[in-house]
Amino acid sequence: MADYDRRQQGHHNRKRRYRDDDDHYDRRQQRRRIDSVPVPVRLRRQLLSIADSPLRRWSEEVQSIARMVADNYDDENLRSTFVSLAMQLVIEQPLKTPFVAAVVLVANTLKPEIVDAVLTPVAQDTETKIAKGEWRDVKLYLKFLACLQACLEGDGIFPLLEELFSRAADLQTASSEDTIGTEIVKIILLTIPYIMAAAPGQFQQKAADLMDKTDIIASEPHALQALVDPYHPDPTSESASVSLSLCMLLQKQLQAEASKNWELTCIPRPWNMPLEEIEAQDKLANAPKHALPTISIPSTVIAGPRPLFPEVYFSVYADQEVESVPSTDSVASSLIRDGLTDTINGLHFNRNATARYLIDLDCYFADDTFVKRATPFDELRNAAPGKSTWKPEDVAVDIVFAQLFQLPSPEHKLVYYHSVLTEACKLAPAAIAPSLGRAIRYLYNNSPRMDLQLSFRFLDWFSHHLSNFGFTWKWAEWSDDCSLSDLHPAKWFLRGALDKEVRLSFAQRIQKTLPEPYQPLIGPEKEKDVPDFKFSNPDTPFSSEGQEIGALLKRKAPDEEFQPIIDKIQAEAGERALDPVVASTDVFMTAICWVGSKSLSHVLACIDRSKERLLKAANSSPAAQTQVLAAVMAYWHAHPGIALSIVEKLLNYSILTPSSVVRWALTDVSLVDGASAGEALAQPHIFELVLNTVTKVSFRVRQLLTSPDADEETRNGETKAMQDLFGLLNDLLVSWAGGNKDELMEMGDGSSEPEALIRRWGQRWLRVFKRLGAIEEAFVVETAKEKAGSSNGVDAV
Amino acid sequence: MRGEVRSTVERLDRPSAYYLSRVRASQSIPNKRRRDRDDNADEAAEPAVDPLANATTLYVGNLSFYTTEEQVYELFSKCGEIKRLIMGLDRFNKTPCGFCFVEYYTHQDALDCMKYIGGTKLDERIIRTDLDPGFEEGRQYGRGKSGGQVRDEYREDFDEGRGGVGRALQSEKSRYDD
């Protein structure tokens, strides 16, 4: 639609400019042109923008579109435009589903055939989606059908839901780890409220019976839920709150709603006409009923393209004195969240449209669901009793954060959710910014008890977000935390966030945005674009050799010219009882970093030219390989972002192995910057380094497992290497987490604060990498199963 | 892209009008044909083989002259690992002149970059991304008369991050001053 509008407008502007000075300009002509817009185009425009207007003329809009379709029903182009667009809207912009359904319901009173023209393809597509395991689309179609319940024959979609439930029950009986059954139950529970709102007072018993059945599955915490809980409280602390899954919440919320005779106050009911239109309402009540075409469900249902996990409810506005978002007792919390989440994930191809939805959220729900837009939080307290205190901005922002902080990972790249928040902030800064501020404070205060991967996501989002808004933040409120120990999680966040800000900008710029107490966090070393070359200092051992190698690298000397100097270093090192290869590797790699310090291109070109020599050195001993990494990390210690980019390329060249990175990070870091053992666990960039490395390995294995071209040997080899890597991580982290690491025991009896903090870091690291390991292991098992299945010719699809 | 159902809202992972106009110009399809094309008409006027169908490279524009490779890396890595980054340089001074090419390993990463990074800020400037059929040697240099980008020749606004006002205007001004 957008393109059509734009063209019209552009055309119009051009003409206007042309005729601006023309006194005989005939405006009637212009009007005629607009009226002559072809009906399918007008239909597209009106249907796409349904319910967008804050004027909320729902019944007018619905009736006008329905009439347009009915009046032009003979036009095949129009008919197909309507049907396909309705189906597309239901999938891409599901907050509009009730409104699209209302159009169909009204059309039913004018031209009943329209309903069958819609039901047939919807039923067909639902069947296809079920077979493919595309459960979100299944849910969205069921929601649409549920809104049409009033014009369906007999029990409408209940028999379909019952059959779906029986599949879920079978799966759950077979395995407690099954996630498809849980997903199906969630879908059933999310469909019921729309049936009850669309056909009030008719199906209470049916709903009650179905909910009796889902109760068994929905009331038990899922076996995998602990794995994806956003919170990871210190086991020694008292505050072990229990997180709830969406499924468990829904079951309870619906039971509560049933006892209130299915009020479902937040659901819009555009099929209810205003009082003055009794006639239209009468027609709706007496419109013909239609049979829902058969939707068959295969005996074995599959998980589909996206792995399924139980969803844990997460809110950044959980602990407020006034409820600015629906509490988990209310079914509105699940319904609004479900609708907007699907919209966000469905509209990933236009973040501006998504942001618009965040701002206009109140348009798509019943009157009085929310307070007025941009109501300040402090004013919520003054709301009249019984009135809503839900702030639409808070609700919207909360839902984006719930996606950003979803474990193991949300549907799209994290940066998508960053961009949605950025655009929302640009569209309505005055409304959104205060909500974001409270979210940030919540996350900052709760980060220590959150999963470490999520704390890292917070830090990454926060710095990226500020980079889009001039790096302004009320830093003063956290000033006291600057003096905390580097082992403290708040300090971890501050150091990590500021480092990332500097990476996206530069030190001097960021220093200017910070109050005095923060200045030590961005020291003079960060201001230097080219770090000092330690071999320039004559007191450094091997300084002259270091400078010579630097000079050779600079003039791109042939390889043989390096050898004599390397030999010299190694001989001298031997005399000083140093590892000769480690010594020469340190000189060589440090010189590469220095020579390449002008830009990443320079250093990468330099590495590329020295590849053979580096490979030989790295393969000669584990200590030498570690030294390659240590030299990079040491040279760029003030700019970890650059170090990490270089390491990424060294991994690609196989100069570094993933296990050498992990081993160095968890055992040897102290050798570099004098940090005491265990402190590396409290450095954000070390976590980033290991996370990046593990992600890279997992990604590669997944590629191999799913690519038809990969040979069995490579596949098995790389899978084994990945499993070993997770094993190594586990071995190294278990002792830190348990407090029985040698270095930790040397510090004392385990009761001091630093020891407790390090132990806690160990636990947080361990949880992350255990989860990642478990997820990759599940992927390996699944693909093996699929392969066995397809080679036996029993393809599930 | 072609043959796909049009989405209910515009997609951000499409080539820009600039790119399309260049492709069409190079194939000399008459203007008339384009304007008359109806929304639902088949898009026969499009090139038969879409050079962007598997594009992994992006042209990135409106960078500050002071933005470094490292900054570009930091931001663009959020969409996937970067295979190669080529900074746009002034043809004569060999200094950054405000654009670059970012090459990813996959087409999907490039599309995601269009959707999530194009139009956001880097170094406090709104940057522009466009799908690109691929970097070729020589394209890293500005095509403007004075060595930089053409758009920086006659720019009338003062843009501190891009060397003030347009170069051509600057040299004119200095002529008057003398």
Side-chain angles (χ1 to χ4, degrees), chain A residues 1-4 6-7 38 40-41 44 47-48 77 81 84-85 88-89 91-93 96 347-354 356 412-420 422-423 460 464 467-471 500 503-506 509 529 599-602 604 639 641-642 644-645 648 652 696 699, chain B residues 1 4-14 17 34-40 64 66-87 89 95-96 100-101 105-106 108-109 111-127 140:
Chain A
M1 191 67 263
D3 2 2
Y4 190 91
R6 204 173 45 231
R7 198 165 316 161
V41 173
R44 186 178 165 93
L47 189 55
L48 285 182
N77 181 16
T81 300
S84 59
L85 203 56
Q88 223 185 334
L89 263 181
I91 298 292
E92 287 182 7
Q93 303 188 40
K96 291 184 178 171
L347 287 181
H348 61 94
F349 47 81
N350 189 330
R351 59 176 198 265
N352 305 311
T354 309
R356 199 65 269 166
H412 300 291
K413 287 174 181 155
L414 299 170
V415 60
Y416 169 53
Y417 305 96
H418 297 190
S419 74
V420 168
T422 304
E423 296 307 333
D460 189 51
H464 185 206
S467 80
N468 272 284
F469 296 95
F471 297 102
K500 290 223 164 197
R503 292 190 209 176
L504 288 167
S505 181
F506 53 99
R509 168 78 180 101
D529 289 337
S599 77
L600 274 174
S601 301
H602 285 81
L604 297 182
H639 295 276
I642 299 180
L644 264 56
S645 299
E648 183 172 65
N652 289 352
K696 195 179 189 74
F699 183 74
Chain B
M1 300 178 194
E4 230 175 64
V5 183
R6 185 153 60 121
S7 302
T8 56
V9 295
E10 194 191 343
R11 298 188 65 103
L12 301 181
D13 53 1
R14 294 288 185 258
R34 263 187 287 153
R35 195 168 302 161
D36 289 349
R37 192 160 54 86
D38 180 61
D39 271 331
N40 299 319
S64 153
Y66 306 104
T67 297
T68 64
E69 276 184 45
E70 289 73 15
Q71 286 171 287
V72 176
Y73 246 86
E74 184 65 27
L75 180 64
F76 282 76
S77 294
K78 292 186 192 294
C79 280
E81 187 177 339
I82 293 169
K83 188 177 179 187
R84 194 164 58 145
L85 169 61
I86 290 140
M87 293 299 280
L89 300 176
T95 54
C100 71
F101 295 95
Y105 283 94
T106 70
Q108 189 56 51
D109 288 349
L111 292 179
D112 287 346
C113 188
M114 291 286 290
K115 294 186 290 184
Y116 313 147
I117 291 188
T120 69
K121 279 187 180 177
L122 175 59
D123 227 357
E124 300 175 66
R125 302 176 64 91
I126 301 265
I127 53 168
Q140 69 268 51

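FYI, side chains are in, hydrogens and waters are out, and symmetry mates aren't considered; it's all heavy atoms of this structure. Numbers restart at 1 for each chain; the letters A, B, ... are given by sequence-line order, proteins then strands.
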Asker: Under a 4.5 Å heavy-atom cut-off, does chain B meet the side chain of A:N652, its backbone, both or neither?
Answerer: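 For A:N652, side-chain heavy atoms alone lie under 4.5 Å from chain B.
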Asker: Against chain B, label A:T422 side chain, backbone, both or neither, depending on which of its atoms sit under 4.5 Å from a heavy atom there.
Answerer: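 For A:T422, there is no contact with chain B at all, as no heavy atom is under 4.5 Å.
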Asker: Non-hydrogen atoms of chain B under 4.5 Å away: do they reach the side chain of A:L47, the backbone, both or neither?
Answerer: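 Contact with chain B is absent: no heavy atom of A:L47 under 4.5 Å.
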Asker: Report the distance from atom OG1 of B:T67 to atom CG of A:L504, rounding to the nearest 0.5 Å.
Answerer: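 Going from the OG1 atom of B:T67 to the CG atom of A:L504 covers 10.5 Å.
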Asker: Just wondering, more than 12 heavy atoms not from B:Y105 lying within 6.0 Å of its OH?
Answerer: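 More than 12 within 6.0 Å, yes.
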Asker: Heavy atoms, side chains only, cut-off 4.5 Å: are A:K696 and B:E81 in contact?
Answerer: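 The answer is yes, as the side chains (C-beta and beyond) meet within the 4.5 Å cut-off.
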Asker: Whether A:K413 and B:D109 form a salt bridge (side-chain N of Lys/Arg under 4.0 Å from carboxylate O of Asp/Glu) is what I want to check.
Answerer: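 Salt bridge present between B:D109 and A:K413.
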Asker: Let's test your reading of the structure: which of A:E423, A:H412, A:R509, A:H639 forms the most heavy-atom pairs below 4.5 Å with chain B?
Answerer: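 Greatest number of close heavy-atom pairs with chain B: A:R509.
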Asker: Is A:F471 in contact with chain B via its backbone, its side chain, both, or neither, using a 4.5 Å heavy-atom distance?
Answerer: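 Only the side chain of A:F471 comes within 4.5 Å of chain B.
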Asker: Using only atom types and a distance under 3.5 Å, with no angle test, would you say the side chain of A:R503 pairs donor to acceptor with the backbone of B:E70?
Answerer: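 Answer holds: no.
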Asker: Counting C-beta onward and ignoring hydrogens, is there a side-chain heavy-atom pair between B:L85 and A:L600 closer than 4.5 Å?
Answerer: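 Counting from C-beta outward, B:L85 and A:L600 never come under 4.5 Å.
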Asker: B:E69 side chain to A:S601 main-chain N or O, any donor-acceptor pair under 3.5 Å?
Answerer: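 Yes; judged by distance alone, with no hydrogens or angles, the pair exists.
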Asker: Does any part of the side chain of A:R351, heavy atoms only, come nearer than 4.5 Å to the side chain of B:T120, both counted from C-beta?
Answerer: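 Side chain of B:T120 against side chain of A:R351, heavy atoms only: contact under 4.5 Å found.
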Asker: Check whether A:L644 gets within reach of chain B through its side chain, its backbone, both or neither, counting any heavy atom under 4.5 Å.
Answerer: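 Neither the backbone nor the side chain of A:L644 comes within 4.5 Å of chain B.
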Asker: Heavy-atom distance under 4.5 Å to chain A: side chain of B:M87, backbone, both or neither?
Answerer: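 No part of B:M87 comes within 4.5 Å of chain A.
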Asker: Examine distances only and state if a side-chain atom of A:E92 and a backbone atom of B:T8 form a donor-acceptor pair shorter than 3.5 Å.
Answerer: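 Pair found, side chain donor or acceptor close to backbone of B:T8.
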Asker: Check whether A:Q93 gets within reach of chain B through its side chain, its backbone, both or neither, counting any heavy atom under 4.5 Å.
Answerer: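 Side chain of A:Q93 only, per the 4.5 Å heavy-atom cut-off to chain B.
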Asker: Quick one: what part of B:D112 sits under 4.5 Å from any heavy atom of chain A, side chain, backbone, both or neither?
Answerer: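 Side chain of B:D112 only, per the 4.5 Å heavy-atom cut-off to chain A.
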Asker: Does some side-chain heavy atom of A:H464 sit less than 4.5 Å from a side-chain heavy atom of B:K121?
Answerer: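 B:K121 vs A:H464: side chains apart.
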Asker: If I compare all heavy atoms of B:Q71 with all of A:S505, which pair ends up nearest, and what's the gap?
Answerer: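 In terms of heavy atoms, the two residues are closest at NE2-O, 3.2 Å.
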Asker: Taking atom CZ of B:R14 and atom CG of A:N350, what is their separation to the nearest 0.5 Å?
Answerer: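 Answer for the CZ-CG pair, B:R14 versus A:N350, is 11.5 Å.
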Asker: Quick one: are A:N352 and B:E10 in side-chain contact, heavy atoms under 4.5 Å?
Answerer: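 The answer is no; the side chains never approach within 4.5 Å.
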Asker: Taking atom OG of B:S7 and atom CG of A:L89, what is their separation to the nearest 0.5 Å?
Answerer: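 It is 11.0 Å, given to the nearest 0.5 Å.
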Asker: Quick check: closest heavy atoms across B:Y73 and A:S645, and the distance to 0.1 Å?
Answerer: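 That closest heavy-atom pairing would be CD2-OG, 4.0 Å.
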Asker: Is the shortest heavy-atom distance from the side chain of A:F349 to the side chain of B:L111 under 4.5 Å?
Answerer: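 No - every pair of side-chain heavy atoms lies 4.5 Å or more apart.
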Asker: For B:I117, which atoms come within 4.5 Å of any heavy atom of chain A: side chain, backbone, both, or neither?
Answerer: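 Contact with chain A: backbone and side chain both.
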Asker: Just so I understand: if I count every heavy-atom pair under 4.5 Å between each of A:G470, A:S84, A:S599 and chain B, which residue has the most?
Answerer: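 Among A:G470, A:S84, A:S599, the one with the most close pairs to chain B is A:S599.
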